[in-house]
Amino acid sequence: MKTHRLSGIVCACLMVLSIQAKEVSLQSPNGQLRIVVNTDNGLSWAVSHGQTEVLRPSAIALSTTLKTQKAKVGRITEVDNTVSSPFYRRAQTRDHYRQLIVKMGALSVEFRAYDEGAAYRFTADSKQTFCIDDEMAEFNFAGDYKALLPYERYRHDDQPFLYSFESYYTEHSLSQVKDDPAATQPAIVCLPEGKKALIMESGVENYPGLWLTRGDKANALKAVFPKAVLDEKIVGRNLIPTRRDDAIAINLMGHVDMPWRIVAVSAADKQLLDCNLAWLLSPECRISDTSWIKPGKVAWDWWNNCNLKHVDFRSGMNTPTYKYYIDFAAKYGLEYIIIDEGWSHTESLTENLNPDINVPELVSYGRERGVGLILWSTGRNCLKDMEKSFEYYEKLGVKGFKVDFFDRDDQQCVNDTWKIAECAARHHLLLDFHGYRSLGMNRAYPNVLNQEGVMGMENMKWEGRTKDGPVNDVPRYDVLIPYLRMQAGPMDYTPGAMLNATKSNYIGNNANPMSQGTRAHQVAMYVVFEAPLQMLSDSPSKYYDNAETTAYIAQVPTVFDETVALGGELGEYVALARRAGDTWYIAAMNNWTARDITLDLTPLGISGKTASIFADGINADRDATDYKLTRKSLDASVTIHLAPGGGCTAVVK
């Protein structure tokens, strides 16, 4: 079975441009978005949306060993495709854009204007090896607008760009953007008239990831990149660079597609909840048969410290504990369990394994109960004897690996992740990448079901507080990431806390962790947060104690046929609906401000249908575990009360 299908291709030549053209305009299919490409004195682009200036002329350039020529502007063409995938937020996605290619000898720049936003990328063709010394990508804005940027929070080995890609968002004006540390992306710039510009990239392969710092002009951002790595050493769980090249990408040859630079534009915040540009601009699927790839939910051990009660064995990293997890997963129809760090040796995936954990026995035990086993590994251990290790675990019946501690996105590390994805696909192994961010791989290799790059719920184990409340505002972050991080690709946030806390009574607790916000807020994450491999992070014992909540969570699928953004305001709340088969899953999540929201359900066609609704209880502002589960008939619109840090989910069959 092929994962993706292109259909209804239309390539209409709209205009023939003189090769002497200095400036050319490229409009989106609906005419709202406009790119102006200027080839006079270098190459630049500008972007507008309606009457709103999104980007002022911003330079585009590569410093490269390739020989280039004077720019020649090609024809504007229109392309209209339908792309199908069983592993995305919708079964079919329209890929409709107008494009323009500017050729400069061995280099070309492809511009695309979508209704959702603008994008460009460099491509190169060379029979000789070449390198990219540096890339210039500016994002010049008309005013000192507010921006939301995820800055690098710490550094491994005191080197920039060595970081896990887990950050809360710093919100300040463009004039306050830092030179150092840099910020990762996606990032948002708030434009006039309530519009937003979402800056991100996709299709990063054999090339470093893009970071953002203060631009050279006022009210500007610019791209910076980690240099190519020549040598590295083992430090703890990580591979740390010891020597770098002066270039950002080396040893390139043949046809090379460089990453897409994307500026998505929304007139209303809710439009950002369903932006398809990063996925559409990712490389097409490279797996001919994807029938073995099974998304699903996972019982996870690490967050809850393997804490079990009312059992007749000592719980921990041992075979009886994981049999208990398998039994729990089987009872609730969860497809997998994960055995996290501690089952294998720090230096090997096949030698000197933990004698208390019998992996072959657990694989067999799970197979009998319809539950697959996923194992944790560092990235460096995966790369060591990878073919041998993956072949062994495929034959054993292991379903995949959670691969952790990359904490880099230089060219070498990016290439390593693609190698792991390809090798895992050949051996029918699923992957969940941690210590890494989504760079446009999950369409090419849909066995990469999930990637982290998010301040997920693991941080609730040690999050601090002051006399006024938690140090970080997690419910606000929860209603920021659907507009930002999630648009780059699926994210392993690891929801499902059963010990829920209000702002006043939350404390970080490693042994018995809790979440910020209500129980209904946690349940809503299973609809709102995209993760084809979705965790249940808490202990099976707590899930048994909260069986009604657990059964409600267990029914929510992890991939969908349709997604509809129902409403939302950046950092305030989010509301969307997803359909799988003939069932709609509707969810809303809130920051710490209680509110009532009214949602128009007309686009879903479910008026008069009966919904099973999991909502904040009347006392959820005092006891965050309080919820109410009801059944009621839906009207064309519905008003929902969201408690502080609250949520609501409805299932409509």
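Within the 4.5 Å cutoff, the side chain of Ile287 has heavy atoms near those of the Ile293 side chain. Between Leu107 and Met258, some side-chain heavy-atom pair lies under the 4.5 Å cut-off. Side-chain contact between Val54 and Val263 is present, with heavy atoms from C-beta onward closer than 4.5 Å. Residues Leu149 and Val177 are in side-chain contact: their nearest non-hydrogen atoms beyond the backbone lie under 4.5 Å apart. Between Leu212 and Val224, the closest side-chain pair of non-hydrogen atoms is not below 4.5 Å. Inter-residue side-chain proximity for Ile60 and Ser58 is flagged as unmet; no heavy-atom pair is nearer than 4.5 Å. Contact annotation: the side chain of Met441 approaches that of Thr417 to within less than 4.5 Å [non-hydrogen atoms, C-beta and beyond]. Put simply, the side chain of Met491 does not reach to within 4.5 Å of the side chain of Glu530, judged on heavy atoms.
Side-chain N or O atoms of Gln451 include one that pairs as donor or acceptor with a backbone N or O of Arg437 at under 3.5 Å. With hydrogens and angles ignored, the 3.5 Å screen pairs no side-chain donor or acceptor of Trp302 with any backbone N or O of Glu341. The main-chain N or O of Glu347 is found under 3.5 Å from a side-chain atom of His345 such that the two form a donor-acceptor pair. Formation of a donor-acceptor pair under 3.5 Å by the Asp410 side chain with backbone atoms of Cys413 is found in this model. One N or O on the side chain of Asn140 and one on the backbone of Pro57 form a donor-acceptor pair closer than 3.5 Å. Side-chain N or O atoms of Gln185 include one that pairs as donor or acceptor with a backbone N or O of Glu201 at under 3.5 Å. Remark: the backbone N or O of Leu429 is paired with a side-chain donor or acceptor of Asn447 at under 3.5 angstrom. Asn238 places no side-chain N or O within 3.5 Å of a backbone atom of Ile240 that could act as its donor or acceptor partner. For the pair Asp144 (side chain) and Leu174 (backbone), a donor-acceptor distance under 3.5 Å is present. With Lys227 contributing its side chain and Asp246 its backbone, the two residues share a donor-acceptor pair below 3.5 Å.
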Could you please spell out the steps behind the salt bridge (charged side-chain N to carboxylate O under 4.0 Å, His left out) verdict for Arg286 and Glu422? CA-CA 9 Å; Arg286 296 176 184 175; Glu422 187 276 332; over 6 Å; no
Worked check of side chain to side chain contact (heavy atoms under 4.5 Å, CB included) between Val448 and Trp418: CA-CA 10 Å; Val448 183; Trp418 283 88; over 6 Å; no
Hey, mind stepping through His434 and Phe405 against side chain to side chain contact (heavy atoms under 4.5 Å, CB included) and telling me if it holds? CA-CA 6 Å; His434 272 230; Phe405 291 101; over 6 Å; no
Where do Glu110 and Arg112 land on the salt bridge (charged side-chain N to carboxylate O under 4.0 Å, His left out) test, with the steps shown first? CA-CA 7 Å; Glu110 180 181 355; Arg112 290 188 185 180; 3.0 Å; yes
If you apply the rule side chain to side chain contact (heavy atoms under 4.5 Å, CB included), what do you find for Thr39 with Glu23, and how did you get there? CA-CA 6 Å; Thr39 62; Glu23 187 173 281; over 6 Å; no
Salt bridge (charged side-chain N to carboxylate O under 4.0 Å, His left out) assessment of Arg408 paired with Glu232: CA-CA 12 Å; Arg408 291 163 46 190; Glu232 54 194 7; 2.9 Å; yes
May I have the step-by-step check of ring-ring contact (aromatic ring centres under 6.0 Å, His included) for Phe225 and Phe161, ending in yes or no? CA-CA 8 Å; Phe225 302 88; Phe161 310 118; 8.7 Å; no
Take Arg155 and Asp180, measure what salt bridge (charged side-chain N to carboxylate O under 4.0 Å, His left out) needs, and give me the verdict at the end. CA-CA 12 Å; Arg155 291 170 173 173; Asp180 184 48; 2.4 Å; yes
In sequence, state the C-alpha distance, the side-chain angles, and the governing distance for Tyr114 and Arg94, and then conclude on side chain to side chain contact (heavy atoms under 4.5 Å, CB included). CA-CA 11 Å; Tyr114 288 83; Arg94 190 180 186 187; over 6 Å; no
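Taking OG of Ser344 as the reference point, atom CG of Leu375 lies at 8.0 Å (rounded to 0.5 Å). Rounded to the nearest 0.5 angstrom, Leu533 CG and Asp492 CG are separated by 7.0 Å. The structure places NZ of Lys103 at 5.5 Å from OG of Ser108, a figure rounded to the nearest 0.5 Å.
Using a 4.0 Å cut-off between a side-chain N of Lys or Arg and a carboxylate O of Asp or Glu, Lys402 and Asp432 do not qualify as a salt bridge. Ion pairing of Lys461 with Glu458 is absent here, as no side-chain N (NZ or NE/NH1/NH2) approaches a carboxylate O to less than 4.0 Å. A salt bridge between Asp404 and Arg237 is absent, with no side-chain N of the basic residue lying under 4.0 Å from a carboxylate O of the acidic one. For Arg244 and Asp231, the salt-bridge test fails: no basic side-chain N is under 4.0 Å from an acidic carboxylate O. A salt bridge is defined here as a Lys NZ or Arg NE, NH1 or NH2 lying under 4.0 Å from an Asp or Glu carboxylate O, and Lys399 with Glu394 fails to meet this definition. Looking at Asp179 and Arg214, a side-chain N of the basic residue comes within less than 4.0 Å of a carboxylate O on the acidic one, giving a salt bridge.
Between Tyr120 and Trp260, the distance from one ring center to the other does not fall under 6.0 angstrom. In summary, the aromatic rings of Phe406 and Phe165 are positioned with their centroids too far apart to meet the 6.0 Å limit. In this structure, the ring of Trp376 has its center no less than 6.0 angstrom from the ring center of Phe401.
Within 6.0 Å of the CE atom in Met386, the count of heavy atoms belonging to other residues, nucleotides or ligands exceeds 12.
Judged by the 6.0 Å and 45° rule, Lys178 forms a cation-pi pair with Tyr151. By the 6.0 Å and 45° rule, Lys222 does not stack over the aromatic ring of Trp211.
Under the 30°/60° scheme for interplanar angles, the aromatic rings of Phe529 and Tyr493 are found to be tilted. His428 and Trp292 have perpendicular rings, their planes meeting at more than 60° on a 0 to 90° scale where under 30° would count as parallel.
A side-chain N or O of Trp300 and one of Asp340 form a donor-acceptor pair less than 3.5 Å apart. In the model, Thr350 has no side-chain atom that pairs as donor or acceptor with a side-chain atom of Ser389 under 3.5 Å. Inspection of the Tyr154 and Ser164 side chains reveals an N or O donor paired with an N or O acceptor under 3.5 Å. With hydrogens and angles left out, the side-chain atoms of Tyr88 and Thr93 include no donor and acceptor closer than 3.5 Å. With 3.5 Å as the limit, one finds a donor-acceptor pair spanning the side chains of His49 and Lys195. If you check the side chains of Arg56 and Asn219, you find no donor sitting under 3.5 Å from an acceptor.
Within the structure, the salt bridge (charged side-chain N to carboxylate O under 4.0 Å, His left out) test picks out the following pairs touching residues 127-139 (sequence neighbours left out): Glu135-Arg261.
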